[in-house]
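Every chain is numbered from 1, with letters handed out A, B, ... down the list of sequences.
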There are 2 protein chains.
Amino acid sequence: MTYQHPKFLVAVDCVIFGYQDADLKLLLHHRDIEPAKGQWSLMGGFVSDGESVEDAAMRVLYQTTGLTNIYLEQVAAFSAVDRDPGARVISIALVALIRIDEHDRELVRKNGAHWRSVNEVPKLIFDHNEIVEKGLETLQKRASNELAGRELLPEHFTFGQLRSLYEAIFQRTFDPGNFRKKVLSLNVIERLDIKNTKESKKGAYYHRFKDQNESNDPERIFKIHLKG
Amino acid sequence: MTYQHPKFLVAVDCVIFGYQDADLKLLLHHRDIEPAKGQWSLMGGFVSDGESVEDAAMRVLYQTTGLTNIYLEQVAAFSAVDRDPGARVISIALVALIRIDEHDRELVRKNGAHWRSVNEVPKLIFDHNEIVEKGLETLQKRASNELAGRELLPEHFTFGQLRSLYEAIFQRTFDPGNFRKKVLSLNVIERLDIKNTKESKKGAYYHRFKDQNESNDPERIFKIHLKG
DNA sequence: CCAAAAGTGTTGCTTGTACACCCATGT
DNA sequence: ACATGGGTGTACAAGCAACACTTTTGG
């Protein structure tokens with residue numbers, strides 16, 4: 001051992017967002033270990049040897065949703081000395097965005113996990129409510145700097161669906177016309193020749209995200225300040 | 001012990017920015033422990049029991065600069081398994097902004113520390129160059145979302161000095177007139193009746209940051225996109 | 001026919017950007 | 001007198017925001 005210093009348990013807590021029924025969802029489960037066993041908690045786990053924080057988060061995600069290749073972003077480190085009454089644990093929070101229709105429902109069920117609307121997050125253990133707050137902020141920042149949704153929407157989506165997603169993320173409404181124009185100006189989605197006729201009488205064209213390469217993004221600053 | 005899991009050394013690495021001679025500076029020192037002893041490194045240390053990550057960073061700052069009450073912001077966790085050849089160390093990076101004229105030069109000297117321009121950062125140990133990059137990004141984001149400089153400039157400063165600071169942070173020039181108007185519109189600084197006559201023939205009014213309370217900030221989005 | 005979402009257009013306003021231009025003064 | 005940074009003003013462009021209006025079709 002080269003260094004003589006105290007060591008710590010290091011955990012990852014995943015703020016896993018999905019989107020369904022025009023509502024931003026958060027994956028929560030009943031914690032299965034003491035302390036606070038049975039209470040609502042974020043999906044989390046401890047970092048293992050030979051594993052980076054991101055590796056650990058991906059492992060947790062795979063174990064709980066069956067998904068790989070997930071978009072992950074660090075939120076922050078939470079390290080208050082008494083944040084976990086069971087032991088001194090330093091936790092790195094990460095936010096993950098997943099397509100809710102692709103996850104393994106059986107796995108989620110086995111984990112005692114449930115999707116809950118971000119508007120109805122129950123009291124969570126420790127500082128997890130605070131982590132959710134910060135995680136949502138991180139998502140909002142991301143969604144203002146670029147057009148988010150690739151990881152949350154199905155392959156094909158209408159403008160209405162994209163707008164609903166943004167309304168869920170920012171917890172407010174956007175003017176349909178202005179939102180459309182703003183998104184189009186970013187030049188990152190393209191229209192298909194198929195129409196969705198389920199969600200409106202007239203029918204709305206499906207769109208899809210362009211490939212990373214062809215979506216020429218010259219400093220795309222989104223700056224969503226559209227009012228309802 | 002409640003949990004059975006591997007434990008890790010947790011470090012803090014501080015990206016300490018100061019500002020002097022129209023140049024953004026970074027505090028570096030010669031590492032005094034093996035491995036990589038003597039090489040350039042960020043100011044850092046290990047988290048102790050009973051100490052949060054922020055506590056540890058403040059301790060490191062105090063030990064190296066003698067300063068307390070420093071603005072601190074988390075950058076990210078760096079946790080690649082082999083990032084430190086001496087041992088498995090998970091490091092939380094934080095960015096700190098200090099007024100360079102207030103630090104304890106003697107302390108800094110004892111630490112073998114030196115201020116280096118961010119434009120001339122040498123090869124650092126481990127992943128510290130990457131940490132500096134991320135730290136600068138964090139500073140830039142902060143400086144675009146609000147008027148930064150409280151912690152970097154002296155009490156009284158001219159528009160020229162503030163603009164120079166921003167030019168150092170963003171590594172580009174700003175139009176003097178437009179910069180002035182933009183900053184004034186934020187309504188967070190006030191003019192004093194004293195003039196600085198050293199840096200220009202005409203003399204420039206000193207300004208200072210208003211108190212947090214009286215600087216009514218209605219969603220101040222800075223959005224520095226001024227061209228040279 | 002009516003409601004409701006899709007999609008387009010118009011207009012006023014705010015803000016960014018590029019300048020021109022005067023001011024004060026040390027050299 | 002002139003070069004230099006300070007400070008103000010102007011004019012155009014771009015983007016935001018509010019909202020009118022037309023299209024389409026299921027009920």
Peer 1: Mind calculating the distance between CZ (A:Phe179) and C1' (C:dG7) to the nearest angstrom?
Peer 2: 14 Å
Peer 1: Between A:Arg163 and A:Glu167, is there a side-chain N and carboxylate O pair less than 4.0 Å apart?
Peer 2: yes
Peer 1: Expressed as a whole number of angstroms, how long is the span from A:Lys182:NZ to C:dT8:P?
Peer 2: 18 Å
Peer 1: Just how far, in rounded Å, is P of C:dA5 from CG of A:Leu162?
Peer 2: 17 Å
Peer 1: Closer than 4.0 Å, any side-chain N/O of A:Arg163 to the OP1 or OP2 of C:dA6?
Peer 2: yes
Peer 1: Under 3.5 Å, which protein N or O atoms sit close to an N or O of nucleotides 22-24 of chain C? Give each pair with its distance.
Peer 2:
unit_1	atom_1	unit_2	atom_2	d
C:dC23	O2	B:Lys202	NZ	3.4

Peer 1: To the nearest angstrom, how far is A:Asn196 atom CG from D:dG26 atom P?
Peer 2: 13 Å
Peer 1: Check the distance between D:dG15's P and A:Leu186's CG and give it to me in whole angstrom.
Peer 2: 11 Å
Peer 1: I'd like to know if A:Glu54 pairs up with A:Arg59 as an ion pair, taking the criterion as any Lys NZ or Arg NE/NH1/NH2 lying under 4.0 Å from an Asp or Glu carboxylate oxygen.
Peer 2: no
Peer 1: Taking side chain to side chain contact (heavy atoms under 4.5 Å, CB included) as the definition, give me every residue that meets it alongside A:Tyr205, ordered by chain and number, with sequence neighbours left out.
Peer 2: A:Arg191, A:Lys195, A:His207
Peer 1: If you pin B:Ser185 and A:Tyr205 to their nearest nucleotides in DNA chain C, which one's is more 5'?
Peer 2: A:Tyr205
Peer 1: Answer yes or no: is there a donor N or O on one side and an acceptor on the other, between the side chain of A:Glu130 and the main chain of A:Asp127, under 3.5 Å?
Peer 2: no
Peer 1: Could you tell me which residues satisfy ring-ring contact (aromatic ring centres under 6.0 Å, His included) with A:Trp115, sequence neighbours excluded, listed by chain and number?
Peer 2: A:His103
Peer 1: Using the side chain to side chain donor-acceptor pair (under 3.5 Å) rule, collect all pairs that involve residues 131-140 of chain A, keeping only residues at least two apart or in two chains.
Peer 2: none
Peer 1: Might you work through the salt bridge (charged side-chain N to carboxylate O under 4.0 Å, His left out) test for B:Asp13 and B:Arg83, ending with a clear yes or no?
Peer 2: CA-CA 13 Å; B:Asp13 284 306; B:Arg83 57 176 293 281; 3.6 Å; yes
Peer 1: If I take atom CG in residue A:Leu184 and atom P in nucleotide D:dC16, what distance separates them, rounded to the nearest angstrom?
Peer 2: 13 Å
Peer 1: Please report, rounded to the nearest Å, how far the P atom of C:dA6 is from the CZ atom of A:Phe157.
Peer 2: 14 Å
Peer 1: Using the 3.5 Å cut-off, write out each protein N or O paired with an N or O of nucleotides 9-12 of chain C and the distance between them.
Peer 2:
unit_1	atom_1	unit_2	atom_2	d
C:dG9	O6	A:Lys181	NZ	3.1
C:dT10	O4	A:Lys181	NZ	3.2

Peer 1: Can you list the residues that meet the ring-ring contact (aromatic ring centres under 6.0 Å, His included) rule with A:Phe209, with sequence neighbours excluded?
Peer 2: A:Phe157
Peer 1: Measure centre to centre between the rings of A:His114 and A:Trp40, then say whether the value is under 6.0 Å.
Peer 2: yes
Peer 1: From CZ of A:Phe159 over to P of D:dT24, roughly how many Å is that when rounded to an integer?
Peer 2: 19 Å
